[in-house]
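Reckoned from all heavy atoms, side chains included, excluding hydrogens, waters and symmetry mates. By convention here, the first residue in the shown sequence is residue 1.
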Amino acid sequence: MKKLSLPIEDIKRFYAFVRPYQFRAILALVVTGVVGMLGGVIPALLKPYIDTVVFGDGDAGVGSLFFPLLIIAFALVESSLSFAANYLTTWVGKHIGNDVKLALFDKLLHSDPALFDKTTSGEVLLRYNSDADLASEGLLGNIRQFLVRLVTSVILIAVMLYYSWILAVVAVGCLLTTVVPLSRVRKRLKQYIRETVESGAQVTTNYNEAYSGNRVITSYNLYDYSRNRLDRTLKNIFRLSIKMVQRTSSLSMFMHFATAVGIALTVWLQGYLIQSGRITPGDFVACITALIMLYTPIKRLGTNLSTIQNSLMAIGRLLAILDMKPAIVSRENAIRLGEMKEGVVYDNVSFSYDKERPVLKGISLKVDVGHSVAFVGSSGGGKTTLVNLLPRFYDVDDGAIRIDGVDVRDIELGCLRDLIAIVFQDNFLFGGTIRDNIVLGKQNASDDDVRKALELACLDEFVYALPNGLNTQIGERGVLLSGGQKQRVAIARAFIKDAPIVILDEATSALDTKSEEVVQRAIENLMMNKTVFIIAHRLSTVINADAIVVLKDGIVVETGTHRDLLDRPGSLYASLYRTQLA
């Protein structure tokens, strides 16, 4: 049989998830063992039935009724115990699976943003969800089936050996000839299974993209493009599936042939053995029945073993995830800041995503408390990256960012992010009600807090005009709201949070003029008495900023107020502004 390989240490670590349910898990395995043992009852009973009732001189009427009833009774006990074992393994497997998924989900939530830059949604679903099912429910379920079939096989072989060791040796010898090709086929299937799993993750990604990107697909008529991408993936899965069928079908053919040879040889030998008086007709029937019953568990033992191997591989993958250490964490003895008093300083900050192409090069600037600074410039200049370093979505390569003189890397991470409210260009809204999404900024917010946030976000008239008001369902990702309404919900969320630092990441760039006017009023309310970082594509939205920083290729090329930069000879900002105005 195929050798299982997984470090003992990994098994011990995964046992931590099993430990809370170990009593039921052990009970399930014990019951499973009993079920397997009962699998040999029927052929064992056939010998006395055949010898006594069919060919013997006993009371045929009593015997013919007793033995069938006994078989029915054993079948009832076996099916009841099988139900109990299945229930227990499912119960334990589901609980373990849920615990594993929660641990993985917690790890996912606290992962660095870089993970989401490099990992597709399909890979996330595979590694953080499907592997958890395979490692828990799949492992226990297949261990149960493997144990039943193993014990049943051993009992059946024991029955055959007891009644006729010659027939047992011939029959089992034929079956054992399948072990070598079985092992070789399993090794080939392992690679196909791995590739199929990866392709399955890509299928999930295709469906997620079709769902999330449906407007882009529709507007650009990308139906054929999207369909062809999925078609290529499905064809690859088909190719792998056919290869697996070819391998497994050839193995099944060989096993059928080996079994037929075993039965044929057994039937041929039985005539001689019966005539010589070495076995009785009951011995022969019991052996033949055991051989036929033995075929199914022997055949499926390899399948169970292969599936158990896949579950163990899944355990290895999920333990690797749990072992991952995020780069962005709180340092030991991290500081918790109170009210911000001085401001934010970027001190010679440099950063790159891949260490080869620098995005920011020696950025230095100071933003005092209560002041606003706007970052403008062409796309790819580093504007968004610059503000993403403040809440530590990423850490600087060189230099430092300080709040009130304290390096942000020395501030407790939760505290740091509590100091900052962000309004993105494309704000994510959770499925639920308007109120649910607003109070995310402070989940214990009072009704007065929510009402004030609605007013300041210029959202009150819209919400109170709805039949269900704040309890209106907005759909997944806020699909039932317009772009301007979603932005104002996000602004209301930021109002509720009441953080001293506000980041506006192109918060109006995706809106039409009318929506932008309303959202801009809400933003002006949000900026009052806050330290504000603005990323803007529309320069008309930053003319009132206390300072405007112009970035080009990761370098600060200009700094000043709107009026200063317009009057500066050769100003890049002035050129950009006049171009937009025109």
Asker: Below 4.0 angstrom, N of the basic side chain to O of the carboxylate: do Arg227 and Asp224 qualify?
Answerer: no

Asker: Does Asp404 reach the main-chain N or O of Gly343 with its side chain, forming a donor-acceptor pair under 3.5 Å?
Answerer: yes

Asker: For Ser330 versus Ala334, what's the shortest heavy-atom pair and its separation?
Answerer: CB-CB, 4.4 Å

Asker: Nearest 0.5 Å please: distance from the CG atom of Leu390 over to the CD1 atom of Ile503.
Answerer: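 If we round to the nearest 0.5 Å, Leu390:CG and Ile503:CD1 are 5.0 Å apart.
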
Asker: Once you round to the nearest 0.5 Å, how far does CG of Leu360 lie from CG of Asn388?
Answerer: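 Taking CG in Leu360 and CG in Asn388, the distance rounds to 10.0 Å.
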
Asker: For side-chain contact (heavy atoms from CB on, under 4.5 Å), just list the numbers for Ser352 and Asp397, CA-CA rounded to whole Å, side-chain angles, deciding distance to a tenth of an Å, and then say yes or no.
Answerer: CA-CA 7 Å; Ser352 63; Asp397 293 337; 3.2 Å; yes

Asker: Take a 6.0 Å sphere around CG of Asn529 and say whether it holds more than 12 heavy atoms from other residues, nucleotides or ligands.
Answerer: no

Asker: Would you say that Asp410 contacts Asp407 through its side chain, given a criterion of any heavy-atom pair below 4.5 Å between the two side chains?
Answerer: yes

Asker: For His95 and Gly93, indicate whether the former's side chain and the latter's backbone hold a donor-acceptor pair under 3.5 Å.
Answerer: no

Asker: Counting only N and O atoms by type, is there a donor-acceptor contact under 3.5 Å from the side chain of His110 to the main-chain atoms of Asp106?
Answerer: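 Pair found, side chain donor or acceptor close to backbone of Asp106.
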
Asker: Of the non-hydrogen atoms in Ala421 and Ala499, which two are nearest, and what is the gap between them?
Answerer: N-CB, 3.6 Å

Asker: I'd like to know if Lys530 pairs up with Asp498 as an ion pair, taking the criterion as any Lys NZ or Arg NE/NH1/NH2 lying under 4.0 Å from an Asp or Glu carboxylate oxygen.
Answerer: yes

Asker: I'd like to know if Asp368 pairs up with Lys366 as an ion pair, taking the criterion as any Lys NZ or Arg NE/NH1/NH2 lying under 4.0 Å from an Asp or Glu carboxylate oxygen.
Answerer: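 A salt bridge is present here (some side-chain N lies under 4.0 Å from a carboxylate O).
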
Asker: Could you report the tightest heavy-atom contact between Val423 and Ala494, atom names first, then the distance?
Answerer: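 Between these two residues, the closest heavy atoms are CG2-CB, 4.1 Å.
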
Asker: Test of understanding: with ring-ring contact (aromatic ring centres under 6.0 Å, His included), list the residues that count as partners of Phe462, not counting sequence neighbours.
Answerer: none

Asker: Determine, step by step, whether Tyr346 and Leu386 satisfy the side-chain contact (heavy atoms from CB on, under 4.5 Å) criterion, reporting the C-alpha distance in whole Å, the side-chain angles of both residues, the deciding distance to 0.1 Å, and the verdict.
Answerer: CA-CA 9 Å; Tyr346 282 72; Leu386 190 64; 3.5 Å; yes

Asker: Any donor-acceptor pair under 3.5 Å linking the side-chain atoms of Asn86 with those of Arg144?
Answerer: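 The answer is yes; a qualifying pair exists.
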
Asker: Do any N or O atoms from the side chain of Arg488 and from the backbone of Ala457 form a donor-acceptor pair under 3.5 angstrom?
Answerer: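 No; zero donor-acceptor contacts below 3.5 Å.
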
Asker: Nearest 0.5 Å, what's the CD1-CG distance between Ile491 and Leu454?
Answerer: 12.0 Å

Asker: Can you tell me if Lys94 has over 12 outside heavy atoms packed within less than 6.0 Å of its NZ?
Answerer: no

Asker: Give a yes or no on whether the backbone of Arg331 and the side-chain of Glu412 come within a donor-acceptor separation of less than 3.5 Å.
Answerer: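 Side chain of Glu412 to backbone of Arg331: no pair is present.
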
Asker: Any carboxylate oxygen within less than 4.0 angstrom of a Lys/Arg side-chain nitrogen, looking at Asp347 and Arg402?
Answerer: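 A salt bridge is present here (some side-chain N lies under 4.0 Å from a carboxylate O).
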
Asker: If we only count heavy atoms from C-beta on, is the Arg336 to Cys415 side-chain gap below 4.5 Å?
Answerer: yes

Asker: Are Ile534 and Asp505 close enough that some pair of their side-chain heavy atoms sits under 4.5 Å apart?
Answerer: no

Asker: If every non-hydrogen atom of Ile434 is compared with every non-hydrogen atom of Gly469, which pair is closest and at what distance?
Answerer: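 It is CD1-O, 4.1 Å.
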
Asker: Identify whether the distance between the nearest side-chain nitrogen and carboxylate oxygen of Asp447 and Arg435 falls below 4.0 Å.
Answerer: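 A salt bridge links Asp447 with Arg435.
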
Asker: Is the closest side-chain heavy-atom distance between Leu322 and Leu104 below 4.5 Å?
Answerer: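 Yes, at least one pair of side-chain atoms sits under 4.5 Å.
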
Asker: Is the shortest side-chain heavy-atom distance between Phe533 and Val502 below 4.5 Å?
Answerer: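 Side-chain contact under 4.5 Å: no.
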
Asker: Report the distance from atom NZ of Lys452 to atom CD1 of Ile496, rounding to the nearest 0.5 Å.
Answerer: 9.5 Å

Asker: May I ask you to decide if Ser350's main-chain N or O and Lys361's side chain share a donor-acceptor pair within less than 3.5 Å?
Answerer: no

Asker: Taking atom CG of Asn333 as the centre, does the number of heavy atoms from other residues, nucleotides or ligands within less than 6.0 Å exceed 12?
Answerer: no

Asker: Return the minimal non-hydrogen interatomic distance between Pro391 and Ile422, and the atom names on each side.
Answerer: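 Answer, listing the atom of Pro391 first, then Ile422: CG-CD1, 4.3 Å.
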
Asker: Could you check whether Thr433 and Asp436, counting side-chain N and O atoms only, form a donor-acceptor pair closer than 3.5 Å?
Answerer: yes

Asker: To the nearest 0.5 Å, tell me how far Thr472 OG1 sits from Leu466 CG.
Answerer: 4.0 Å

Asker: Got Leu470 and Ile438 here, is their nearest side-chain heavy-atom distance under 4.5 Å?
Answerer: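 Contact flag for Leu470/Ile438 side chains = yes.
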
Asker: Might you point out which heavy atoms bring Ala28 and Thr89 nearest each other, and give the distance in Å?
Answerer: CB-CG2, 3.7 Å

Asker: Would you say that Arg392 contacts Leu413 through its side chain, given a criterion of any heavy-atom pair below 4.5 Å between the two side chains?
Answerer: yes

Asker: With no hydrogens and no angle check, do the side chains of Ser446 and Asp449 hold a donor and an acceptor under 3.5 Å apart?
Answerer: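 Ser446 vs Asp449: donor-acceptor pair found between side chains.
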
Asker: To the nearest 0.5 Å, how far apart are CD1 in Ile403 and CD1 in Ile335?
Answerer: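 Between Ile403 CD1 and Ile335 CD1, I get 11.5 Å after rounding to 0.5 Å.
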
Asker: Would Asp395 and Arg409 count as a salt bridge (charged side-chain N to carboxylate O under 4.0 Å, His left out) here? Give the steps.
Answerer: CA-CA 8 Å; Asp395 272 341; Arg409 291 169 292 188; 5.3 Å; no

Asker: Strictly below 4.0 Å, N to O, side chains only: are Lys235 and Asp231 in salt-bridge contact?
Answerer: yes

Asker: Do Val532 and Leu504 make a side-chain contact, defined as non-hydrogen atoms from C-beta onward lying under 4.5 Å apart?
Answerer: yes

Asker: Would Asn228 and Arg232 satisfy side-chain contact (heavy atoms from CB on, under 4.5 Å), going step by step from the backbone distance to the final call?
Answerer: CA-CA 6 Å; Asn228 290 337; Arg232 287 193 296 270; 4.0 Å; yes

Asker: Show the numbers, then the answer: is there a side-chain contact (heavy atoms from CB on, under 4.5 Å) between Ile401 and Val345?
Answerer: CA-CA 6 Å; Ile401 302 174; Val345 173; over 6 Å; no

Asker: Angle between ring planes, Tyr353 versus Tyr394, binned at 30° and 60°: parallel, tilted or perpendicular?
Answerer: perpendicular

Asker: Out of Phe14, Tyr21, Tyr15, which one pairs with Phe17 under the side chain to side chain contact (heavy atoms under 4.5 Å, CB included) rule?
Answerer: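 That would be Phe14; it is the only one of Phe14, Tyr21, Tyr15 passing the side chain to side chain contact (heavy atoms under 4.5 Å, CB included) with Phe17.
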
